[in-house]
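Reviewing the structure listed below.
Below, read A as the first sequence line, B as the second, and so on, with proteins coming before strands; counting in each chain starts at 1.
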Amino acid sequence: MKNFSTRLLAWFDDHGRKDLPWQKDKSPYRVWVSEIMLQQTQVTTVIPYFERFMATFPRVDILAEATQDEVLHQWTGLGYYARARNLHATAKRIVNEYNGEFPHTPQELEALPGIGRSTAAAIIAICTGQRAAILDGNVKRVLARVFGVEGWPGQSATLKQLWDHAEALTPSDRVADYTQAIMDLGAVICVRSRPSCDRCPFQNDCHAFATQSIKEYPGKKPKKEKPVRSTTMLVIECDGNILLEQRKATGLWGGLWSFPESDEPETYLEAARLDHVQMEKLSAFRHTFTHFHLDIEAIHIKVKAASQTQASENLLWYDLEDPNNIGLTRPVTRILEALQSAPLLQ
DNA sequence: AACGCGGGGTC
DNA sequence: GACCCAGCGTT
């Protein structure tokens, strides 16, 4: 299609978003943090996290010097916690290897943890104005519909076609605006369900609109049955303090703090040299991940003096009145909320 | 090339 | 409940 970028930019000038928090001061640091937070996460969800993160870590060197617990604490609730670990690792590398300044080439950016092809391009385009093509969820949806690209974008053949379109369409002029514009079109007009085609600058050139097959694009991910796992979480309380265990550094909920899990509470307590005075089931619930369901049963256990329990690297007593700055899993925040709004056992 | 990785918004 | 979101790293 001719004039794609010109027409998109004309639309952007009238209708694009220009007041998002990360558009105020488009420094590489702020743009980078926003791009990482926005991976697989919606704008409205990100905004409060971004504001809080910037207030706590206003510069890359400050982020680099923070502890991982502090970074994960800021990330609690955002999900995909490897993003936070990679963000922290990259901050350290920016300080140590690049003297605190972000590199300006896609190759160097992509070599940093958590920055892939699209995120590198976004940083390049938005911060330097160098030509670089992005391909995020918005762009995939727009291009799949306009050009009738079939198949699920998770498949490499489909993904390649989308990248080819993205590269071909990205202009040399006004790349920063173009990058924002193509995302805005996807976020504001070409939304997933019930898109506003009558307000779209490409209505007359859109394959999906012309063939009345908008729902077919982009192709859907093949659905798979989610397996169900189950666990028992031990909410061990002593004097208003809750025992938490740090999860291993990688994998699911990596680096976050959660309740000890055991199907045999008595055995666990014995091993930890804890004497319980009361034990009561809390309500069971289901926590659903991308790829499986986790049925969680929580047991509230009150114990006598905790001094017996050795404090170790990956164990801490979490004071409900004076919480640590650490990353917590969703079930922990959920259960602690429930506990505090309806305190049991006095 | 396929899978692991969260939590929340939307319909 | 199904589906998906400003994707990337690992295998």
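Not one side-chain nitrogen or oxygen of A:Trp75 sits closer than 4.0 Å to the OP1 or OP2 atom of B:dG6. In this model, the phosphate group of B:dT10 is not approached by any side-chain N or O of A:Arg194 to a distance below 4.0 Å at OP1 or OP2. In terms of phosphate contacts, A:Gln42 brings no side-chain nitrogen or oxygen within less than 4.0 Å of OP1 or OP2 of B:dG8. Residue A:Tyr81 places at least one side-chain N or O under 4.0 Å from the OP1 or OP2 atom of B:dG7.
Across B:dG7, C:dC5, C:dC8, the shortest atom-to-atom separation from the side chain of A:Ser118 is found for C:dC8. Taking the side chain of A:Thr45 as heavy atoms from C-beta on, and the options B:dG6, C:dC4, B:dG9, the nearest nucleotide is B:dG9. The A:Lys221 side chain lies nearest to C:dC4 when the options are B:dG7, B:dA1, C:dC4. With distances taken from any side-chain atom of A:Lys223 to the nucleotides B:dA1, C:dC3, B:dG6, the minimum falls on C:dC3. Proximity note for A:Thr44 (side chain, C-beta onward) versus C:dC4, B:dG6, B:dG9: the nearest is B:dG9. Out of C:dA6, C:dG9, B:dG6, the shortest distance to the side chain of A:Asn86 is found at C:dG9. Of the candidates B:dT10, C:dA6, B:dC5, B:dT10 carries the atom nearest the A:Arg192 side chain, counting heavy atoms from C-beta on.
Two residues, A:Lys224 and A:Ser193, neighbour DNA chain B, and the one matched to the more 5' nucleotide by heavy-atom proximity is A:Lys224. Ranked by how close their nearest DNA chain B nucleotide is to the 5' end, A:Gly79 and A:Ala157 are led by A:Ala157. Summary of the strand contacts: A:His293 and A:Gln23 both lie near DNA chain C, and taking for each the nucleotide with the nearest heavy atom, the more 5' one is attributed to A:His293. Of the residues near DNA chain C, A:Pro113 and A:Val43, the one whose nearest nucleotide (by heavy atom distance) lies more toward the 5' end is A:Val43.
In this structure, CH2 of A:Trp253 is placed 14 Å from C1' of B:dG4, rounded to the nearest angstrom. Rounded to an integer number of Å, the gap from CG of A:Leu78 to C1' of B:dC5 is 14 Å. Atom CD1 of A:Ile36 and atom P of C:dC8 are 7 Å apart (whole Å). Regarding A:Leu135, its CG atom lies at a distance of 11 Å from the C1' atom of C:dA6, rounded to whole Å. Spacing between atom CG of A:Leu328 and atom P of B:dG7 amounts to 11 Å, rounded to whole angstrom units. C:dA6 atom C1' lies 15 Å from atom CG of A:Leu87, rounded to whole Å. To the nearest angstrom, P of C:dC4 lies 11 Å from NZ of A:Lys215. Rounded to whole Å, atom C1' of B:dG6 lies 9 Å from atom NE2 of A:His291.
Between A:Phe12 and A:Tyr178, a ring centre-to-centre spacing not shorter than 6.0 Å is recorded. Checked against the 6.0 Å centroid threshold, A:Tyr318 and A:Trp257 do not count as a close aromatic pair.
Here A:Trp22 lies in heavy-atom contact (under 4.0 Å) with a base. Contacts of A:Ile115 with the nucleic acid, taken as non-hydrogen atoms under 4.0 Å apart, involve only primed sugar atoms and P, OP1 or OP2. If you check every strand for non-hydrogen atoms under 4.0 Å, A:Leu20 touches a base. Using a 4.0 Å heavy-atom cutoff across all strands shown, A:Gln180 reaches at least one base atom of the nucleic acid. No contact: A:Lys226 has no heavy atom under 4.0 Å from any strand. Nucleic acid contact class of A:Arg141 (heavy atoms, under 4.0 Å, all strands): sugar-phosphate only.
For the residue pair A:Thr170 and A:Arg131, the shortest heavy atom distance occurs at O-NE, 2.8 Å.
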- Task: Report the C-alpha distance between A:Thr333 and A:Arg330 in whole Å, list the side-chain angles of each, state the deciding distance to 0.1 Å, and finish with yes or no for side-chain hydrogen bond (donor to acceptor under 3.5 Å, both in side chains).
- Result: CA-CA 5 Å; A:Thr333 58; A:Arg330 181 67 181 104; 3.0 Å; yes

- Message: A:Thr329 vs A:Arg247, test: side-chain hydrogen bond (donor to acceptor under 3.5 Å, both in side chains). Steps then yes/no.
- Response: CA-CA 10 Å; A:Thr329 67; A:Arg247 300 177 59 85; over 6 Å; no

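A donor N or O paired with an acceptor N or O is found under 3.5 Å between the base of B:dG6 and the side-chain atoms of A:Thr41. The base of B:dG6 lies close enough to the side chain of A:Thr290 for a donor and an acceptor atom to sit less than 3.5 Å apart.
Between C:dC4 and B:dC5, the two C1' atoms lie 15 Å apart (nearest whole Å). Look at the P atom in both B:dC3 and C:dA6: the space between them is 24 Å, to the nearest Å. For the C1' atom pair drawn from C:dG9 and B:dG8, the interatomic distance equals 23 Å after rounding to whole Å. C:dC8 sits 23 Å from B:dG9 when the P atoms are compared, rounded to a whole Å.
Of the possible donor and acceptor atoms, one in the side chain of A:Asp319 sits under 3.5 Å from a partner among the backbone N and O of A:Glu321.
Looking at A:Glu167 and A:Arg117, a side-chain N of the basic residue comes within less than 4.0 Å of a carboxylate O on the acidic one, giving a salt bridge.
A:Lys226 forms no cation-pi arrangement with A:Phe289, by the criterion of a distance under 6.0 Å to the ring centre and an angle within 45° of the ring axis.
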